[in-house]
Amino acid sequence: MGCAGSRDKGDETEKKIRKPKQWRHSEPITRAQLIQMRDEFWDTAPHYGGRKEIWDALRAAAEADLTLAQAIVESAGVIVQNPDLTVSYDERGAKYELPKYVLSEPANLIRDS
């Protein structure tokens, strides 16, 4: 019986990562604009606090498929608050907030013809 109790506790602390729900940007944007927004976010994010290695791990996770993303955040010791990675913490309690645009594409992304 003791095994089942400890297994349940693990399920509750480790959230399965998933992509954010479908979302729309305030106005339609191109892939180039989306990439520029992402680059600007990742360049400035570490200046707002937290540890660079955690920001690096979050970027790698955001740009990876879900299985790899899960492994990256677990190995970096990231505590996932929201399964879509929009809010997480490091073991020191520093908060990391990611905008949806670094995690997935908007529904109104302009596809290059």
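When a residue number appears, it is its place in the shown sequence, counting from 1. This is a predicted model, so every value here is computed, not measured.
Residues Ala57 and Ile72 share a closest heavy-atom pair of O-CG2, 3.3 Å. Between Lys19 and Leu66, the closest heavy-atom pair is N-CD2, 4.0 Å. Of all non-hydrogen atoms in Leu85 and Ala61, the two that sit nearest each other are CD1-CB, 4.1 Å. Of all heavy-atom pairs between Asp84 and Thr86, the closest is OD1-OG1, 2.7 Å. Across all non-hydrogen atoms, the minimal contact from Ala107 to Gln22 is CB-NE2, 2.8 Å.
Residue Asn82 holds its CG atom at 8.0 Å from CZ of Arg18, rounded to the nearest 0.5 Å. A distance of 9.0 Å separates CH2 in Trp23 from CD in Glu105, rounded to the nearest 0.5 Å. Distance CZ/Arg51 to CZ/Arg92: 4.5 Å, rounded to 0.5 Å. Rounding to the nearest 0.5 angstrom, the gap separating the NZ atom in Lys16 from the OG1 atom in Thr67 is 7.5 Å. Taken to the nearest 0.5 Å, the CH2 atom of Trp55 stands 4.5 Å off from the CZ atom of Phe41. Rounding to the nearest 0.5 angstrom, the gap separating the NZ atom in Lys21 from the OG atom in Ser104 is 11.5 Å.
Proximity of Met37 to Ile29: side-chain heavy atoms (C-beta onward) are separated by under 4.5 Å at one or more points. In this structure, the side chains of Val80 and Tyr96 stay at 4.5 Å or more apart for every pair of heavy atoms. Side-chain contact between Val73 and Ser88: absent, with no pair of heavy atoms (C-beta onward) separated by less than 4.5 Å.
The existence of a salt bridge linking Arg59 and Asp39 is confirmed by a sub-4.0 Å separation between a basic side-chain nitrogen and an acidic carboxylate oxygen.
In terms of modelled atom types and a separation under 3.5 Å, the side chain of Arg38 and the main chain of Tyr101 share a donor-acceptor contact.
Grouping the Ile, Leu, Val, Met, Phe, Trp and Tyr side chains by contacts below 4.5 angstrom, directly or via other members, places Leu34 apart from Ile110.
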Using the side chain to side chain donor-acceptor pair (under 3.5 Å) rule, take Gln33 and Thr30 through it: C-alpha gap first, then chi angles, then the decisive distance, then the call.
-> CA-CA 5 Å; Gln33 290 171 305; Thr30 63; 3.3 Å; yes

